[in-house]
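All remarks here apply to the structure that follows.
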Amino acid sequence: MPRMPTKAQRPVNAGQRLAPRRTIMWLASYPKSGNTWVRIFLANYLLDAEQPLPINDVHRFAVGDALVGLYQRVNNGRYDPRDLQGHLRLRGNVMRAITGQGADLSFVKTHNRNATISGIRLIDPMFTKGAIYIVRDPRDVAISYARHYGTTPSAACREISHEDNGVVADRSNVTQYLGTWSRHVRDWTRAKGFKVHTIRYEDMKADPQATFEKLLGFIGLPVDQEKLERAVRFSSFEELKAQEAKTGFIERSRNSNSFFHSGTSRQWEGVLIDEDLAYLTEQHGSQMKRFGYL
């Protein structure tokens with residue numbers, strides 16, 4: 001079984017020029033597509049405890065590639081998140097540091113496009129073992145996106161359809177490059193240089209056990225049915241929502257009362273107006289048809 005990095009392990013200093021190792025397993029998605037759910041399932045499966053993992057500990061099992069702290073560590077503590085080019089220059093060192101921790105497999109969460117920005121590969125195959133890509137109906141993405149980022153559903157439909165869409169850097173995270181929902185989906189699911197396992201949010205909802213069993217097979221983890229059933233139960237929406245109500249969740253947006261809101265599919269029905277639906281179909285119809293959303 002692959003060895004997982006522990007909380008105590010930290011990226012090495014950028015000055016240690018380690019040979020590239022292909023150990024990163026990307027957990028990739030457009031924002032609000034189910035990435036957190038997948039991470040929590042994997043954490044519970046790998047931990048194999050008798051109680052659900054506290055949701056605020058999930059970061060121990062899958063570091064986010066946008067964390068300012070990573071860039072500070074590889075740059076001797078110096079990094080200003082407002083430096084839009086700075087994190088691109090450091091990104092290779094961050095990837096090298098993650099793969100230099102000694103783990104056979106390193107889960108890394110990302111919302112970035114699989115693209116080249118200013119000559120820098122955001123997702124470099126040189127460090128990549130594979131990727132799990134989570135895709136969700138863009139109509140539901142727009143609803144959750146609006147709630148999380150404090151905008152309207154109509155505005156969210158336009159934002160996820162803009163080539164320059166991204167998440168602006170703040171004190172905790174560097175800039176994240178999203179682009180359009182369609183291009184994000186296309187470029188990740190047709191990646192070159194590493195294998196990608198794509199799962200639909202809707203399939204996780206309909207049959208989480210079968211969906212997550214296939215995911216484990218792709219990663220190369222042995223499937224234990226008892227552990228699988230327990231991890232599915234421990235990562236159920238009801239469990240996550242109950243934990244958030246009790247302890248809060250560090251990933252909750254200040255624009256929303258909760259991170260785990262409803263967890264249902266087809267939330268867009270009765271919310272998006274006809275103009276929004278027509279716009280999304282026009283902008284993303286090809287990829288929507290490809291994944292069964294039209």
Side-chain angles (χ1 to χ4, degrees), residues 2-29 31 35-36 39 42-43 46 54-132 164-179 188 191 193-194 249-254:
R3 290 182 290 126
M4 299 297 113
T6 66
K7 186 177 182 180
Q9 291 175 307
R10 302 296 187 196
V12 296
N13 187 281
Q16 295 177 254
R17 301 303 297 173
L18 303 176
R21 299 178 66 233
R22 293 168 61 107
T23 66
I24 292 178
M25 179 64 68
W26 297 102
L27 303 178
S29 70
N35 200 309
T36 300
R39 286 184 289 138
L42 282 171
L46 293 167
I55 55 176
N56 287 312
D57 288 345
V58 68
H59 63 278
R60 294 173 50 195
F61 293 85
V63 66
D65 70 336
L67 292 177
V68 166
L70 290 176
Y71 293 82
Q72 291 173 333
R73 288 174 196 142
V74 301
N75 201 41
N76 297 318
R78 300 186 304 275
Y79 175 70
D80 182 352
R82 295 171 298 181
D83 182 357
L84 297 181
Q85 294 298 315
H87 88 272
L88 291 174
R89 292 192 298 269
L90 292 171
R91 189 167 177 86
N93 288 338
V94 168
M95 299 301 101
R96 189 181 298 273
I98 290 173
T99 61
Q101 295 181 90
D104 297 326
L105 189 62
S106 302
F107 291 109
V108 181
K109 168 199 170 182
T110 187
H111 289 315
N112 277 302
R113 297 166 51 191
N114 179 20
T116 299
I117 305 294
S118 298
I120 303 298
R121 290 288 299 269
L122 296 179
I123 310 299
D124 198 328
M126 176 167 48
F127 304 109
T128 301
K129 188 179 187 70
I132 296 162
D164 294 328
N165 192 33
V167 180
V168 178
D170 56 26
R171 289 181 297 176
S172 300
N173 294 287
V174 302
T175 298
Q176 298 171 74
Y177 300 89
L178 308 180
W188 268 105
F194 54 89
F249 186 36
I250 58 176
E251 295 187 22
R252 179 183 68 83
S253 164
R254 62 184 179 183

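One is the number of the first residue; the rest follow in order along the sequence. Since this is a predicted model, take the numbers as computed values, not measurements.
Taking the side chain to side chain donor-acceptor pair (under 3.5 Å) definition, one finds that N112 meets it with D65, sequence neighbours left out. Not counting sequence neighbours, the partners of D80 by the salt bridge (Lys or Arg N to Asp or Glu O under 4.0 Å) test are R82. Under the side chain to side chain donor-acceptor pair (under 3.5 Å) criterion, D170 pairs with no residue at all, not counting sequence neighbours. Annotation: ring-ring contact (aromatic ring centres under 6.0 Å, His included) contacts of Y79 (sequence neighbours excluded): Y71. Among residues two or more places apart in sequence or in another chain, the side-chain contact (heavy atoms from CB on, under 4.5 Å) test is passed with V168 by none. Applying the side-chain contact (heavy atoms from CB on, under 4.5 Å) rule to R78 yields the partners N75, N76; only residues at least two apart in sequence or on another chain are considered. Under the rule for a side-chain contact (heavy atoms from CB on, under 4.5 Å), the partners of S29 that lie at least two apart in sequence or sit in another chain are S33, N35, H111, I134. Considering only residues two or more places apart in sequence or on other chains, W26 meets the side chain to side chain donor-acceptor pair (under 3.5 Å) condition with T128. Annotation: salt bridge (Lys or Arg N to Asp or Glu O under 4.0 Å) contacts of R121 (sequence neighbours excluded): none. For the side chain to side chain donor-acceptor pair (under 3.5 Å) test, no residue two or more places apart in sequence or in another chain qualifies with T175. Contacts of R22 classified as salt bridge (Lys or Arg N to Asp or Glu O under 4.0 Å), with partners at least two apart in sequence or in another chain: none.
For the atom pair CD of Q72 and CG of L90, the computed distance is 10.5 Å after rounding to the nearest 0.5 Å. Summarising the geometry, atom CD belonging to Q85 is positioned 4.0 Å from atom OG belonging to S118; distances are rounded to the nearest 0.5 Å. The NE2 atom of H87 sits 12.0 Å away from atom CG of L67, with the distance rounded to the nearest 0.5 Å. Within the model, atoms CG of L70 and CD1 of I98 stand 5.5 Å from one another, a figure rounded to the nearest 0.5 Å. The CD1 atom of I120 sits 9.0 Å away from the CZ atom of R89 when rounded to the nearest 0.5 Å.
No salt bridge links K129 with D104; every basic N to acidic carboxylate O contact stays at or beyond 4.0 Å.
Side-chain contact between L88 and Y177: present, with at least one pair of heavy atoms (C-beta onward) separated by less than 4.5 Å. The side-chain heavy atoms of N173 and V167, taken from C-beta on, include no pair separated by under 4.5 Å.
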Apply side chain to side chain contact (heavy atoms under 4.5 Å, CB included) to T116 and L122, showing your working.
CA-CA 6 Å; T116 299; L122 296 179; over 6 Å; no
Just do the side chain to side chain contact (heavy atoms under 4.5 Å, CB included) check on R39 and L27 with the steps written out, would you?
CA-CA 8 Å; R39 286 184 289 138; L27 303 178; 3.4 Å; yes
Under the criterion salt bridge (charged side-chain N to carboxylate O under 4.0 Å, His left out), I'd like the reasoning laid out for R91 against D124: C-alpha separation, chi angles, the key distance, then a yes or no.
CA-CA 10 Å; R91 189 167 177 86; D124 198 328; over 6 Å; no
F127 and R96: side chain to side chain contact (heavy atoms under 4.5 Å, CB included), yes or no, with the steps?
CA-CA 7 Å; F127 304 109; R96 189 181 298 273; 3.9 Å; yes
For L46 and F107, what are the C-alpha separation, side-chain angles and deciding distance, and is it a side chain to side chain contact (heavy atoms under 4.5 Å, CB included)?
CA-CA 12 Å; L46 293 167; F107 291 109; 3.8 Å; yes
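The two residues F194 and N114 come nearest to each other via the heavy atoms CZ-ND2, 4.2 Å. Between A169 and P81, the shortest heavy-atom distance links the atoms CB-O, 3.3 Å.
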